[in-house]
Number of protein chains: 2
Amino acid sequence: MGHAPRTRQGGIPLYRRIATELWERIQNGTLRPGDRMPSEPELATEFEVNRLTVRQAIVELQRLGAVEIRRGTGTFVAAPPDLVEIIARIPAPAPDDDATHAALAGHSDGVVETLLPTRPLLRVEERIEAVTEASGRYGELAARELGVPLADLFRLDTVMVRSGQAWIVNSYWFPRRLEGVVEALGEHGMVIATLRDGLGLDLSYRWRAFSAVAADYHEARLLDVPTGTALLVRDGVTADAAGAPVFYVRRRLRGDNAKFVLRYGA
Amino acid sequence: MGHAPRTRQGGIPLYRRIATELWERIQNGTLRPGDRMPSEPELATEFEVNRLTVRQAIVELQRLGAVEIRRGTGTFVAAPPDLVEIIARIPAPAPDDDATHAALAGHSDGVVETLLPTRPLLRVEERIEAVTEASGRYGELAARELGVPLADLFRLDTVMVRSGQAWIVNSYWFPRRLEGVVEALGEHGMVIATLRDGLGLDLSYRWRAFSAVAADYHEARLLDVPTGTALLVRDGVTADAAGAPVFYVRRRLRGDNAKFVLRYGA
DNA sequence: AAGTGGTCTAGACCACAAA
DNA sequence: TTGTGGTCTAGACCACTTG
């Protein structure tokens with residue numbers, strides 16, 4: 001049977017009290033980045049609770065990005081993220097301002113000057129993950145934005161890899177007349193470069209937008225993060241030289257990993 | 001004792017199999033927004049697992065934003081979010097372009113034309129949450145960006161309320177010479193408006209940036225969301241007419257609630 | 001082999017909301 | 001009062017990593 005219920009001060013659950021206690025040890029430096037936390041059995045003894053209760057606290061700290069759990073090894077205080085700033089200058093880039101253009105597009109592609117990582121940046125590559133029919137909420141958004149029927153679109157999913165690690169998950173909705181981009185990708189390495197150099201398109205932005213989501217199963221698997229991790233989303237519509245919309249793109253990045261910066265003036 | 005271990009296909013945990021099964025029922029429309037899910041005991045019977053296992057699945061779906069759990073009542077398929085688009089036009093606003101200025105600042109303040117909610121927008125208000133010493137990671141960032149010692153700064157925390165609901169959590173780092181803004185806030189309602197109209201400052205952007213974080217305990221409480229919810233962050237430095245940096249601000253919004261849009265060209 | 005985290009069970013008691 | 005979700009326990013077995 002259950003046990004004598006412990007008095008809970010202020011109705012705050014035990015696991016939350018343990019989590020905030022550990023959180024404060026991290027905030028005030030009692031536990032430092034890289035430090036190994038006591039094991040779950042040890043914490044259970046220290047706080048005089050069941051191991052499952054202490055585990056609930058630790059998993060919450062993991063979701064907050066405060067600790068990193070390594071199966072079979074232990075739990076460690078998380079290190080500050082390896083932040084990459086993707087910088088754009090405002091006023092808007094002319095269509096031929098490649099550096100700014102690429103920076104806003106969210107890839108480097110030879111313009112590493114606009115990427116300011118805290119560690120040296122290695123090569124970014126983009127690999128195809130899937131080519132599928134357009135459908136669902138974003139497929140319908142794409143059809144609306146591009147002014148074509150849903151059936152005239154296809155979806156291209158890719159993953160950008162930086163320093164060997166999955167960095168950005170991209171989904172493009174293209175009109176079928178651009179299906180050639182899939183074949184041509186190998187030559188130019190990146191989708192935007194392929195459109196520009198391979199297919200000769202002169203691209204410019206219609207709009208770009210920023211939002212945030214919790215990683216779903218698909219995104220979590222591709223980015224190798226826990227389900228529900230906070231992701232930064234940058235979606236938008238790109239047009240050709242005549243101003244006609246060409247494709248809709250939706251990029252998802254680990255929120256603690258990258259930052260889009262808009263600099264104003266000179 | 002434990003039971004005969006169930007065969008786990010492909011090593012996928014039971015709770016994950018249940019979660020993805022329910023996820024698909026939601027995606028394919030078997031369960032529709034607003035529908036009530038079967039109760040935890042019912043699901044436990046259906047899937048022939050312990051209630052705690054089914055609960056682990058449901059909580060995961062809650063973190064994905066797929067369901068909404070109402071204590072004492074039941075669990076419901078989440079409705080599409082009440083999205084507000086905050087729109088700015090590029091090239092950059094002149095300092096006197098109030099509408100665009102306010103849109104980028106992330107508040108309405110009489111320029112509701114630039115806010116396009118899916119439902120009618122009610123009044124936005126900003127209330128003071130706390131005034132504290134500057135410290136920590138962002139305090140140090142602010143001191144660096146503003147070029148003043150940490151001790152010369154103070155921090156102002158506010159919450160913007162829209163339609164009666166907490167919408168944006170703001171943290172401002174100001175030089176102490178601007179402490180008057182706290183007293184003057186009541187008259188003008190919003191911090192930026194107070195700086196402009198009350199203190200006569202002519203403000204413009206140095207930079208703005210977008211990132212994403214998981215809601216910590218403080219943010220989760222103020223926004224009334226679960227700990228770890230994905231938040232969109234927009235931080236930046238604002239300068240005076242002479243181009244000298246004045247303050248650093250960091251705004252956090254529910255990621256499923258708002259979207260910053262940059263429109264290019266006319 | 002030993003220790004770590006990951007999953008699952010059975011059972012209990014609680015807080016909350018609606019009837 | 002009934003049923004819902006929220007928390008907690010004791011115990012078990014598992015997968016993984018490191019000596």
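If you're wondering where the values come from, they're calculated on a predicted model, not measured in any experiment. Chain letters run A, B, ... following the sequence lines, proteins first and then strands; every chain starts at 1.
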Closest listed nucleotide, where the reference is the side chain of [X] and the choices are [options]:
X: B/Thr53; options: C/dT9, D/dT17, C/dA18; value: C/dT9
X: A/Arg55; options: C/dT7, D/dT4, D/dT7; value: C/dT7
X: B/Arg71; options: C/dT9, D/dG6, D/dT4; value: D/dG6
X: A/Glu40; options: D/dT18, C/dG5, C/dC8; value: C/dG5
X: B/Pro13; options: C/dT7, D/dC8, D/dG5; value: C/dT7

How many whole angstroms separate atom [atom1] of [X] from atom [atom2] of [N]?
X: A/Ile58; N: C/dG5; atom1: CD1; atom2: C1'; value: 9 Å
X: A/Gln62; N: C/dG5; atom1: CD; atom2: P; value: 12 Å
X: A/Gln56; N: C/dG6; atom1: CD; atom2: P; value: 14 Å
X: B/Ile69; N: C/dC16; atom1: CD1; atom2: P; value: 16 Å
X: B/Asn50; N: D/dC8; atom1: CG; atom2: P; value: 17 Å
X: A/Phe76; N: D/dT17; atom1: CZ; atom2: P; value: 13 Å
X: B/Arg16; N: C/dC8; atom1: CZ; atom2: P; value: 10 Å
X: A/Glu48; N: D/dT9; atom1: CD; atom2: C1'; value: 14 Å

- prompt: For the side-chain hydrogen bond (donor to acceptor under 3.5 Å, both in side chains) test, which of B/Glu42, B/Gln56, B/Glu40 pairs with B/Arg51?
  reply: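 For B/Arg51, the side-chain hydrogen bond (donor to acceptor under 3.5 Å, both in side chains) check succeeds only for B/Glu40.
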task: Scan side-chain atoms only and decide if B/Arg221 and B/Thr227 contain a donor-acceptor pair under the 3.5 Å cut-off.
output: no
D/dC8 OP1/OP2 closer than 4.0 Å to side-chain N/O of A/Tyr15: no
- request: Examine D/dG5: is either OP1 or OP2 under 4.0 Å from a nitrogen or oxygen in the side chain of B/Thr75? Give yes or no.
  value: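 Answer is yes, contact under 4.0 Å.
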task: Could you check whether the rings of B/Trp173 and B/Tyr138 sit parallel, tilted or perpendicular, using 30° and 60° as the cut-offs?
output: tilted
task: Record whether the side chain of B/Arg51 comes under 3.5 Å of the base of C/dG11 through a donor-acceptor pair of N or O atoms.
output: no
field: Sugar-phosphate, base or nothing in reach of B/Leu52, heavy atoms under 4.0 Å
entry: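 Contact class for B/Leu52: base.
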field: Whichever of B/Val54 and A/Ser39 has its nearest DNA chain C nucleotide further upstream toward 5'
entry: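 First, find each residue's nearest nucleotide; the 5'-ward one identifies A/Ser39.
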task: Under the side chain to side chain donor-acceptor pair (under 3.5 Å) rule, collect the residues that match up with B/Tyr172, sequence neighbours excluded.
output: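 Once residues adjacent in sequence are excluded, the partners of B/Tyr172 under the side chain to side chain donor-acceptor pair (under 3.5 Å) criterion are B/Glu126, B/Arg251.
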- line: Residue pairs passing the ring pair (Phe, Tyr, Trp, His ring centres under 6.0 Å) test with at least one member in residues 15-37 of chain A, sequence neighbours excluded, are A/Trp23-B/Tyr217
